[in-house]
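Structure first, commentary second.
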Amino acid sequence: TQLLKQSPQFLSIQEGENLTVYCNSSSVFSSLQWYRQEPGEGPVLLVTVVTGGEVKKLKRLTFQFGDARKDSSLHITAAQPGDTGLYLCAGGKRSQGNLIFGKGTKLSVKP
Amino acid sequence: ETGVTQTPRHLVMGMTNKKSLKCEQHLGHNAMYWYKQSAKKPLELMFVYNFKEQTENNSVPSRFSPECPNSSHLFLHLHTLQPEDSALYLCASSQDSTVNNEQFFGPGTRLTVL
């Protein structure tokens, strides 16, 4: 059973385009984190959202946590080749104390 | 040296070998984690140590044996592995094992079992 489903699995776009990737679950999470992983490296945390409906912005990246805290989205404006990487979402549940990761969205931004 | 470091970065071993992966964090954190990352699968949590005590063993086969001598160091001892154990093994640390805490990852060890 895949607790956190990320879509799309793969995305290839041209520089300057906008995109949105999704992280969905039937479970409620107390927090949700987004990471970016580049080839040959470990994941790097981008943002943590904890409140239903919360929106956080990190330069050209906008993160939203769903009202029911079951889903999240990441929107990138005017994508650049440096945005290329694997975007992972991870949900946290206080009852479990550990993060549950999705499979990730592999983004490729071509110049 | 800052952040989370892992050695070796690449490891090729036979099924009868014994090897160890090392992780060191320079962040003053109290929790450390081992994850396995395989192609087409989500990151799988293997072990969690909080204040040097193992608090999670996620049904990991006994051919993987963790060791946490202090809050800064974490090892993963490997013996009689199988080819399906080939994967990227990631170490992470966080302030403690509270779920909202940010986890900092090392670069990983790419393991190939022949």
Side-chain angles (χ1 to χ4, degrees), chain A residues 1-10 21-25 27-52 54 56 58 63 65 69 72 85-106, chain B residues 2-10 21 23-25 27 29-51 53-60 74 87-110:
Chain A
T1 303
Q2 192 178 337
L3 281 180
L4 271 174
K5 186 174 181 181
Q6 290 191 244
S7 60
Q9 197 174 347
F10 300 97
V21 297
Y22 301 92
C23 176
N24 295 301
S25 175
S27 297
V28 176
F29 291 100
S30 58
S31 68
L32 201 131
Q33 299 180 348
W34 283 93
Y35 291 80
R36 180 171 66 218
Q37 184 177 18
E38 297 183 21
E41 299 297 330
V44 174
L45 182 70
L46 297 173
V47 78
T48 301
V49 286
V50 297
T51 305
E54 183 176 3
K56 279 193 174 178
L58 185 67
F63 304 85
F65 201 12
R69 290 185 287 127
S72 181
L86 178 68
Y87 288 81
L88 296 163
C89 69
K93 293 189 174 188
R94 285 196 187 87
S95 59
Q96 294 179 356
N98 296 314
L99 291 175
I100 298 166
F101 281 83
K103 289 186 181 181
T105 292
K106 194 168 185 179
Chain B
T2 58
V4 181
T5 58
Q6 290 187 244
T7 54
R9 293 293 306 274
H10 301 272
L21 310 185
C23 176
E24 185 172 359
Q25 58 96 0
L27 301 167
H29 289 164
N30 296 303
M32 296 188 78
Y33 311 77
W34 279 118
Y35 287 90
K36 176 183 178 183
Q37 188 174 34
S38 306
K40 300 181 182 179
K41 285 187 177 181
L43 264 171
E44 299 172 70
L45 179 66
M46 300 175 72
F47 301 104
V48 181
Y49 278 82
N50 200 31
F51 293 91
E53 297 295 322
Q54 188 179 121
T55 58
E56 183 87 21
N57 177 339
N58 210 18
S59 303
V60 180
L74 185 65
L88 181 67
Y89 288 84
L90 290 161
C91 172
S93 72
S94 63
Q95 187 58 48
D96 55 45
S97 60
T98 304
V99 69
N100 288 351
N101 274 335
E102 178 179 0
Q103 292 189 19
F104 291 80
F105 285 83
T109 294
R110 173 67 62 185

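So that the names make sense, note that chain A is the first sequence line, chain B the second, and so on, each numbered from 1.
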| request: Output all residues satisfying side-chain hydrogen bond (donor to acceptor under 3.5 Å, both in side chains) with A:R69, sequence neighbours left out; order by chain, then residue number. | output: none
| query | With only heavy atoms counted, which part of B:Q37 is less than 4.5 Å from chain A, the side chain, the backbone, both or neither? | reply | side chain
| message | Tell me every residue that passes salt bridge (charged side-chain N to carboxylate O under 4.0 Å, His left out) with B:K41, counting only those two or more places apart in sequence or in another chain. | response | none
| query | Hey, are the side chains of B:L90 and A:Q37 touching, using non-hydrogen atoms and a 4.5 Å cut-off? | reply | yes
| said: At a 4.5 Å cut-off on heavy atoms, which part of B:L43 comes close to chain A: side chain, backbone, both, or neither? | reply: both
| remark: Applying a strict 4.5 Å limit to non-hydrogen atoms, the region of A:Y35 in contact with chain B is side chain
| message | With a 6.0 Å cut-off (strictly less than), is the heavy-atom count around NZ of A:K106, excluding the residue itself, greater than 12? | response | no
| By a 4.5 Å heavy-atom criterion (distance strictly below it), what part of A:L86 contacts chain B: side chain, backbone, both, or neither? | side chain
| Shortest non-hydrogen contact between B:R9 and A:G40, atoms and distance | NH2-O, 2.6 Å
| When rounded to the nearest 0.5 angstrom, what is the spacing between OG in B:S94 and CG in A:L99? | 8.5 Å
| Contacting region of B:Y35 [heavy-atom separation from chain A under 4.5 Å] | side chain
| request: Determine the minimum heavy-atom distance between B:P42 and A:F101, stating which atoms define it. | output: CB-O, 3.3 Å
